[in-house]
There are 2 protein chains.
Amino acid sequence: MASESAEPRREPNRFTHRELDIMSVLWRRGSGTVAEVRDVLGEDVGYTTVLKMLQILEGKNAVRHEKEGRAHRYYPLVESADAGGSALKRVMNKIFHGSAELLLATLVENREFSDEEIERLRSILDRAQEKEDER
Amino acid sequence: MASESAEPRREPNRFTHRELDIMSVLWRRGSGTVAEVRDVLGEDVGYTTVLKMLQILEGKNAVRHEKEGRAHRYYPLVESADAGGSALKRVMNKIFHGSAELLLATLVENREFSDEEIERLRSILDRAQEKEDER
DNA sequence: TCAATTCTACGAAAACCCTCGTTGACATCC
DNA sequence: GGATGTCAACGAGGGTTTTCGTAGAATTGA
């Protein structure tokens, strides 16, 4: 039966939907007040809702805030690269059987890339290979 | 009779956590009974829990089942490539600012790929480019 | 036949996620 | 001063997700 070690702890860098919406804004802008974040999200999300989510995220150590006049300015503590790495790993393992190739194939299949874009993608692989070769 | 109501409907191919765990097993194995799925997930998930999730997934048309003896055998209806495409798009937009390059860079950074793997990734790009050139 | 096992069905509890109403603090403008 | 606007805090409501207890049907084995 279930080991009762308590901790229904979530794996790190896992965000719910709304949390991700909000983190996304902070990553893009670097920081944001409640009002600023809300502006980006659209007026159909209540002010207090955004505030609450930011407070929840703060409780999870995903953001921190500083006083700015009478308001709070929130900063992301979790890096988007980290969150992205976790998310990609999850997607790769759960959906693509752990295969990066399958993942990449799906990516390029679902979106039409121009020659230049593909060139840039290719150069990312080149750089990775150089690093590999150095070892 | 104005059926207005703004669809709280979820975008297609979006799975919750547990749902994804279960779909993942079905994608890997091709199909599974409740007991089989549960074996893969580990004994810390209750039998009836797995059954319930499969029934929920069936209600969402993500799986179907056939009778097999006294048990049910479940088959995925949603393709992993479709779910993967949606998931990648979401990750790319929310976390990587819509940039496939950033996504790929993070992917190759987080995991060490061998030369052969990188070669295969490269050939995926080659194929995509050929298709592009044909147009 | 009886007991144990293995299965589905159902319902509801528990946990979590998201939302917003309300309050009170402070600031500004008249 | 009083009205108005912006802000954080708190708490609770409602929805969704995840879990499991219980019941009953079918099968197996003694």
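Each chain gets a letter, A, B and so on, in the order its sequence line appears, and its residues count up from 1. Worth saying up front: this structure is predicted, and the values here are computed from it rather than measured.
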- [ ] Calculate the interatomic distance between A:His72 atom NE2 and C:dC26 atom C1'; express it in whole Å.
- [x] 13 Å
TODO: Indicate whether the side chain of A:Glu58 and that of A:His65 have a donor and an acceptor atom separated by less than 3.5 Å.
DONE: yes
TODO: Considering just the side-chain nitrogens and oxygens of A:Tyr47, establish if one lies under 4.0 Å of OP1 or OP2 belonging to D:dA8.
DONE: yes
Open item on the list: Does C:dT8 have its OP1 or OP2 closer than 4.0 Å to a side-chain nitrogen or oxygen of B:Gln55?
Closed with: no
Task: Side-chain N or O of A:Arg18 closer than 4.0 Å to phosphate OP1/OP2 of C:dT19 - done: yes
Task: Minimum-distance nucleotide (side-chain atoms of A:Arg70 versus D:dA8, D:dT6, C:dA9) - done: D:dT6
Task: Integer-rounded Å distance: D:dA25 P and B:Lys67 NZ - done: 14 Å
- [ ] Among C:dT19, D:dT18, C:dA9, find the nucleotide with the atom closest to the side chain of B:Leu51.
- [x] C:dA9
- [ ] Determine whether B:Val78 and B:Phe15 make a side-chain contact, defined as any pair of heavy atoms from C-beta on separated by less than 4.5 Å.
- [x] yes
Open item on the list: I need the CE-C1' distance between B:Met53 and D:dT18, as an integer number of Å.
Closed with: 7 Å
Open item on the list: Expressed as a whole number of angstroms, how long is the span from A:Asp39:CG to D:dT6:P?
Closed with: 11 Å
Open item on the list: Just to be sure I understand the rule, does A:Ile56 reach a base, reach only the sugar-phosphate, or reach nothing, if contact means heavy atoms closer than 4.0 Å?
Closed with: nothing
TODO: Could you please name the option among C:dC10, D:dA8, D:dA12 that lies closest to any side-chain atom of A:Ala71?
DONE: D:dA8
Task: Short side-chain N/O contact from A:Thr49 to OP1 or OP2 of C:dC20, under 4.0 Å - done: yes
Task: Interatomic distance, B:Leu54 CG vs D:dT17 C1' [rounded to whole Å] - done: 15 Å
Open item on the list: I'd like to know if A:Arg127 and A:Glu130 make a salt bridge, using a cut-off of under 4.0 Å between side-chain N and carboxylate O.
Closed with: no
TODO: Would you tell me if any nitrogen or oxygen in the side chain of B:Thr48 comes within less than 4.0 Å of OP1 or OP2 on C:dA9?
DONE: no
Task: For atom NZ of A:Lys52 and atom P of D:dG11, their distance in whole Å - done: 8 Å
Task: Atom pair distance, as rounded to whole Å: CG in B:Asp44 and P in D:dT18 - done: 15 Å
TODO: Before accepting this row, confirm whether a basic side-chain N of the pair B:Arg120/A:Glu101 lies closer than 4.0 Å to the acidic partner's carboxylate O.
DONE: yes
Task: A:Tyr75 six-ring face occupied by A:Arg64 cation (under 6.0 Å, within 45°) - done: yes
Open item on the list: Tell me the interatomic distance from B:His17, atom NE2, to C:dA15, atom C1', rounded to whole angstroms.
Closed with: 14 Å
- [ ] Look at the side-chain N and O atoms of B:Thr16 and state whether any lies under 4.0 Å from the OP1 or OP2 oxygen of D:dT16.
- [x] no
